[in-house]
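Everything below concerns the one structure shown next.
Bear in mind the structure is a predicted one, so any value in this text is a computation, not a measurement.
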Amino acid sequence: MSVNVIDLLLAAALAGLSWTCSVVHYPLLSDLHQIGAGSIHFQRHINRIFPLVGILMAAELMIVAWLCWVDGSTRNVASLGLVLLIWAVTGLFAAPVHQLLVEERATPQDIAKLFRAHHFRTGCWTFRCGLVAIGSSV
């Protein structure tokens, strides 16, 4: 299996997972927050989603960085830029709100920030998936 195919599979997996979280998981987290669910629910979400997302995101970063190293094409550099942007948004916006949820200190504004950050990441992953798919077919 070529590195480009692996890159496409990772991009598609993360885009699909992100869309699933947008439609299912984050609305449920918001509902749980509104009804005052305890931190155990949010911690369980993190414990279950992190191994999947963490492994996929780490693999994606390694693959796209390697592709940039061996072929610094505009497509590969743009793809790496998207991945780095996703990591930055995750670290600066999404992860801190998840921690606030666990600590039971999240406000409705924090939840709105989480949604905005997540929708931005979903857009980046969707765009990257298209970018990789188009590049794979050329």
### Message
How long is the straight-line distance from CD1 of I6 back to CG of L67, given to the nearest 0.5 Å?
### Response
9.5 Å
### Summary
Heavy-atom nearest pair, V77 first then G72, reads CG2-O, 3.8 Å
## Note on the structure
Hits for side chain to side chain donor-acceptor pair (under 3.5 Å) against N47, two or more places apart or cross-chain, chain-then-number order -> Q43
### Close side-chain approach of M57 to W125, heavy-atom, < 4.5 Å
yes
### Message
L52: which residues meet the side chain to side chain contact (heavy atoms under 4.5 Å, CB included) condition with it, sequence neighbours left out?
### Response
L17, L56
### Query
Where do R75 and L131 come nearest, in terms of heavy atoms and distance?
CD-O, 3.5 Å
### Query
Taking everything shown except L92 itself, do over 12 heavy atoms lie less than 6.0 Å from its CG?
yes
### Query
F42 pairs by side-chain contact (heavy atoms from CB on, under 4.5 Å) with which of V97, L100, L32?
L32
### Task
State, with a plain yes or no, whether a side-chain heavy atom of L114 is found less than 4.5 Å away from one of L101.
yes
### Task
Identify the heavy atoms of I49 and C21 that sit nearest to each other, and give their distance.
CD1-SG, 4.3 Å
### Query
Which residues pass the ring pair (Phe, Tyr, Trp, His ring centres under 6.0 Å) test with Y26, sequence neighbours left out?
H98, H118
### Summary
Heavy atoms of A11 and C129 approach each other most closely as CB-CA, 3.9 Å
#### Entry: Minimum heavy-atom distance between P27 and F115, given as atom pair plus value
N-CZ, 3.9 Å
### Query
Taking atom OG of S18 and atom CZ of F120, what is their separation to the nearest 0.5 Å?
11.5 Å
### Message
I need the I55 CD1 to E60 CD distance, nearest 0.5 Å.
### Response
14.0 Å
### Task
Give the intermediate values and the outcome of side-chain hydrogen bond (donor to acceptor under 3.5 Å, both in side chains) for residues T107 and D110.
CA-CA 5 Å; T107 65; D110 293 321; 3.1 Å; yes
### Summary
Test side-chain contact (heavy atoms from CB on, under 4.5 Å), reference V3, set L8, V70, I63, output is I63
#### Entry: Joint hydrophobic cluster, I40 plus F50, side-chain heavy atoms closer than 4.5 Å
no
### Task
Name all residues meeting the ring pair (Phe, Tyr, Trp, His ring centres under 6.0 Å) criterion together with H33; count only those two or more places apart in sequence or in a different chain, and write none if there are none.
none
### Message
Which heavy atom of E104 sits nearest to which heavy atom of S39, and what is that distance?
### Response
OE2-N, 2.9 Å
### Query
When hydrophobic residues are tied together by side-chain contacts of less than 4.5 Å, even through go-betweens, does I111 share a cluster with V23?
no
### Message
Taking the side chain as everything from C-beta on, heavy atoms only, tell me whether R128 gets closer than 4.5 Å to V64.
### Response
yes
Report, one line per pair, each donor and acceptor closer than 3.5 Å where one atom sits in a side chain of residues 80-88; sequence neighbours left out.
none

### Summary
Hits for salt bridge (Lys or Arg N to Asp or Glu O under 4.0 Å) against R105, two or more places apart or cross-chain, chain-then-number order -> E103
### Query
Transitively linked via ILVMFWY side-chain contacts under 4.5 Å: V53 with V102?
no
### Query
Looking at CG of L9 and CG of N4, how far apart are the two atoms once the value is rounded to the nearest 0.5 Å?
11.0 Å
